[in-house]
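Let me begin by presenting the structure, written as structure tokens, before commenting on it.
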Number of protein chains: 2
Amino acid sequence: MEGARSVATIRDVARKSGVSVATVSRVLNEKGYVHEDTRKKVEKAIEILQYKPNNVARSLFKKTSKTIGFLIPDITNPFFPQLVRAVEDVMYPAGYTTILFNSDENLNHEIEYIEGMTSKYIDGFIIASNTLHWEHLHLLNVPVIALDRHIDSRISSVVIDNYTGAVEALEFMFSRGCKNIAHLEGPNYIYTAQERKKAYLNVMKEKNLPVLLQQGNYELEQAMIKTMHLLSEHPNIDGLFAGNDVMAIGALKAAHKLGIQVPKQLSIMGFDGIEWGETVTPELTTMQQPIYEMGRKAAELLLARIHEQDLEVEHHILPVNIKKRNSVK
Amino acid sequence: MEGARSVATIRDVARKSGVSVATVSRVLNEKGYVHEDTRKKVEKAIEILQYKPNNVARSLFKKTSKTIGFLIPDITNPFFPQLVRAVEDVMYPAGYTTILFNSDENLNHEIEYIEGMTSKYIDGFIIASNTLHWEHLHLLNVPVIALDRHIDSRISSVVIDNYTGAVEALEFMFSRGCKNIAHLEGPNYIYTAQERKKAYLNVMKEKNLPVLLQQGNYELEQAMIKTMHLLSEHPNIDGLFAGNDVMAIGALKAAHKLGIQVPKQLSIMGFDGIEWGETVTPELTTMQQPIYEMGRKAAELLLARIHEQDLEVEHHILPVNIKKRNSVK
DNA sequence: TTGTAGGCGTTATCAT
DNA sequence: ATGATAACGCCTACAA
């Protein structure tokens, strides 16, 4: 890259247009009185010098950076890209840039990140992660929105009702004739997984049916292996409620490998509604979350709280709806 | 959130430890001489006041922000999450935070973004987008790495050889007995799509075979529709070389709907090697790019150039390799 | 070894 | 309507 021409500052503009920096600042921010002629002169100087205000200096003074932090477990998990996209789609037009952080659910990394961002005058956080709690967040003097999981009653949140969603998913499976449903559960330290499992447990208990649990980790490969075990050991299973879509897809592959027909011999139900589910064979029946909508809502809440300091805490529970496709008979 | 306690500054630390700010700064940056006892005192004060250096002030002075910008078309495109992850995995441990930007290939947005970031003292860019050219970048006084596509010989890049990869993919299809191969092409304004198409055209020409082109846009839904048309109009097609995996998956769905058996009646070949390809039925045969590796390499190049100003331009072409699965016979 | 003071580029207050 | 000037929080000559 060529030799770095030094960038014009507000002082250069002032000099060139023969006014003070204060005046330049006024035309820049359209604040206070400034004579039409002066404005013209200043604007011309800005044009000539290709002047762009320095955002760092601005941040230092204003104690705001027009930037928000978005913490997610892992962008590689197909649930998150849409969420990220939605957040950005709201933030960018509002003049905010969003900084993503893949936490891998590592608490120390998360804390480190939050501290680093705080010292950059970040204006707020959206947190879709499972390790951070009230104690880590309450000292922040910027708004925080919990997304996808509820963190604390004092922190605004945008979630879905995982419990009820799971109950409905199970009811649907029963209504389609499943008699012997197993649950491929997600990691027990993840809130959504806990809720979905709880629903399974309660439904089975209520119906006085035997519980059949298999531990998964929300990932494909392992889900496939675990399902193979499960199905070999319990050939009478006729329904599998997976903790998320990714695992449901793993289960589908497992069934395929074992020569078990879905949904004829085995119904498989997912949870999430990621796009992936439409491309597998048979197409995945799942409990669909309004992913994009969730991201959008969280971003809007955050923005509102950035603009107006002490809005009340709000908890939003967005509706899920069952997506009937072909993996449940 | 509770009332905002004002944050401690370096001045507070100086006061509390009875030294000057210069000394505090010295212990902070481990620079210059400072007596062991003084250091102790200062460190204690820092501890007590929970002092964290203000990164904005630091940036203003140092003209660097320990931040890089990463421009991609759309995180929702399953090719990118891995790339993003790789970049972050290199950048974060090196003390840099990366800011993602979804450009949707909109030039104005991209320019706006780059300008905004420049005025934040961003330290470099990785660009995996198709609209930005030399003219937009050469004035930047920070390093830029082109990723996934070559921008200009004067800008370091990390790419794969799309042309040769496509040729090899086609050779493979022929070797498996395909006689009549069509190409589902990507958007013609995208570099990778152009290269892959060029390869198809040349191979067909060389073999004196008729060209069968269908325009796609690298997306699933449209690919499915286009493939339905293509296959209905040309029932003698026995091989389809898709411009990317996502479209290949769309094609797979189309074949499925039309009752055409893959790979028995129709071989489908993808390009990219995204994880998705493993979950469809039949599993997608594809030309695999070292996606993570590409991101890693780009990040490393950038880092090197940030640390050392005038390293030579480097162009890296990473190897692709065919992933034989079950969609090509 | 430590302190003083000027500057990084803006904004906002207070004069004029 | 405009201009000086003191912050914002940090760093680094230069002095001491």
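Just so it is clear: chains get the letters A, B, ... in the order the sequence lines come, proteins before strands, and each one is counted from 1. Everything numeric here is computed off the predicted structure, so don't read it as measured data.
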Rounded to the Å, how far apart are B:Lys41 NZ and C:dT1 C1'? 12 Å
Verify, without hydrogens or angle tests, whether A:Asp148 (side chain) and A:Ala128 (backbone) share a donor-acceptor contact under 3.5 angstrom. no
Do A:Glu110 and A:Ser103 get their side chains close enough for a donor-acceptor pair, meaning under 3.5 Å? yes
Salt bridge present between B:Glu300 and B:Arg296 (N-O < 4.0 angstrom): yes
Take the C1' atoms of the five end pairs on each side of the helix from C:dT1-D:dA16 to C:dT16-D:dA1, derive the two axes, and give their angle rounded to 10 degrees. 50°
Look at the aromatic rings of A:His315 and A:His150 and report parallel, tilted or perpendicular, splitting at 30° and 60°. tilted
Determine whether the side chains of B:Tyr92 and A:Asn102 contain a donor N or O and an acceptor N or O closer than 3.5 Å. no
Are A:Leu140 and A:Phe125 close enough that some pair of their side-chain heavy atoms sits under 4.5 Å apart? yes
Rounded to whole Å, the CG-P distance (A:Asp12 to C:dG7) equals 15 Å
Would you classify A:Ser59 as touching base, sugar-phosphate or nothing, given that sugar-phosphate means primed atoms plus P, OP1 and OP2, and contacts are heavy atoms under 4.0 Å? nothing
With distance as the sole criterion, is a donor-acceptor pair present between the side chains of B:Asn55 and A:Tyr121 under 3.5 Å? no
Nucleotide by nucleotide, 5' to 3', does protein get under 4.0 Å of the base (B), only the sugar-phosphate (S), or neither (-) in nucleotides 7-16 of chain D, counting heavy atoms? BBBBBB----
Do we see a donor-acceptor contact under 3.5 Å between the side chains of B:Ser25 and B:Lys31? no
